[in-house]
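What you see is a predicted model; the values in this text were computed from it and never measured. Quick note on labels: first sequence line is chain A, next is B, and so on, each numbered from 1.
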Amino acid sequence: MTAPAGSLLAAQGLRKAYGPTLALDGAEFSIHPGEVVAVMGPSGSGKSTLLHCLAGIVTPDEGSITYAGQELATLSDARRSALRRSEFGFVFQFGQLVPELTCVENVALPLRLNGVSRKEAERAAVAWMERLEVDDLRRKRPGEVSGGQGQRVAVARALVTGPRVVFADEPTGALDSLNGERVMELLTDAARSGGTAVVLVTHEARVAAYSDREIVVRDGRSRDMERAV
Amino acid sequence: MYSRVMSIGHTLLGLLESGPRHGYDLKRAFDEKFGHDRPLHYGQVYSTMSRLLKNGLVEVDGIEAGDGPERKRYAITEAGVTDVERWLGTPEKPEPYLQSTLYTKVVLALLTHRDAADILDTQRAEHLRSMRILTDRKRKGDLADQLICDHALFHLEADLRWLELTAARLDKLRQAVVSA
């Protein structure tokens, strides 16, 4: 099987078991540059495992994942790690900012890990913080900001390297409606304008409504609703 | 609101898929499964059956003569089965208070051994399509637009929560429906 034409990231026939539990059972996925795809499904359906496989964090037992035409399984661990640092961005439910660093240092961190100088990394970080409307927090530590502000800092961190794919796992799960919507607006606007693809795992319909289309995962199998209807 | 008249016809047709029945049996089966708060009147059953008969969706399978009026036994036709299939497969227009129509579709799908999860998936996609349009309008609109869209979005979201809960309980519902 081959990836759908023009897709940036695609998976076919993914199977993954944790002991006797089958988390993925033939799941499929594809996303184009600049597209926002929601991955929906009940708890335990396999949606987070699908995201982790797509991001190269978890290796599937069977199936193929291609990113920009390359088979992920053929890449060395070092190359996969480099890919995650420079071409992928991540947003999690609880920000997962480093508490000892200031907000601007948190946003600059992926660039610093890629060898960019502190001055240049922080300059880029501030530009993204302005865009996410949190530049006034640059000297504060994560413990001193609200959940909504922290999540915007986390989005800025995910976008600072100019990734081609952002993986967002329940990015608004810990936020109230207003903050959740603002985070989604800023994330999807920034991603679409930069041609970044967003894989958005969510169980909330109002969050999924910011996507271009949705994939439903149930019992480890996926269903592309756009192609199904 | 959904058209109860339309869905009564399809529901009666769906009930006929398991075998021919008299009008009285159909009313009883409908009331047991779907008519808890609004049982059907006999007149509704007979007017619906004559419409279905006229449209070729059912046929008379036999007539029993008795002391009272003649009792017709109805059977679903191939065209009737196709009509039920089409109705079940067509998502409802997303709007508030859909639950009774969706509930009927899900129960009928289970009764007729169709894929009820498929119906819920199709409906979710239809709801999300509407929610995307509203979300887009909200992003581009002023505060009044945002509030109006939010109201509609919260109602659609409530439908979807019901839908997800139903999807999670399909196995239990199948057991309850089949054993009833």
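Listed here is the closest heavy atom pair of R206(A) and E157(B): CD-OE1, 3.0 Å. Here the closest heavy-atom approach between residue R132(B) and residue A209(A) is recorded as CG-O, 3.4 Å. Between E214(A) and A125(B), the shortest heavy-atom distance links the atoms OE2-CA, 3.4 Å.
Both the backbone and the side chain of D189(A) have a heavy atom closer than 4.5 Å to some heavy atom of chain B. Heavy atoms closer than 4.5 Å to chain A are found in both the backbone and the side chain of D118(B).
Each of A208(A), P42(A), S211(A) has some count of heavy-atom pairs under 4.5 Å with chain B, and the biggest count is that of S211(A). Chain A forms the most heavy-atom pairs under 4.5 Å with one residue out of D150(B), L128(B), L160(B), L153(B), and that residue is L128(B).
Environment of CZ in F154(B): crowded, with over 12 heavy atoms of neighbouring residues, nucleotides or ligands closer than 6.0 Å.
Between M40(A) and R124(B) the shortest side-chain heavy-atom distance falls below 4.5 Å. With contacts defined as side-chain heavy-atom distances shorter than 4.5 Å, the pair R218(A)/D121(B) qualifies.
A salt bridge between K138(B) and E181(A) is present, with a side-chain N of the basic residue lying under 4.0 Å from a carboxylate O of the acidic one.
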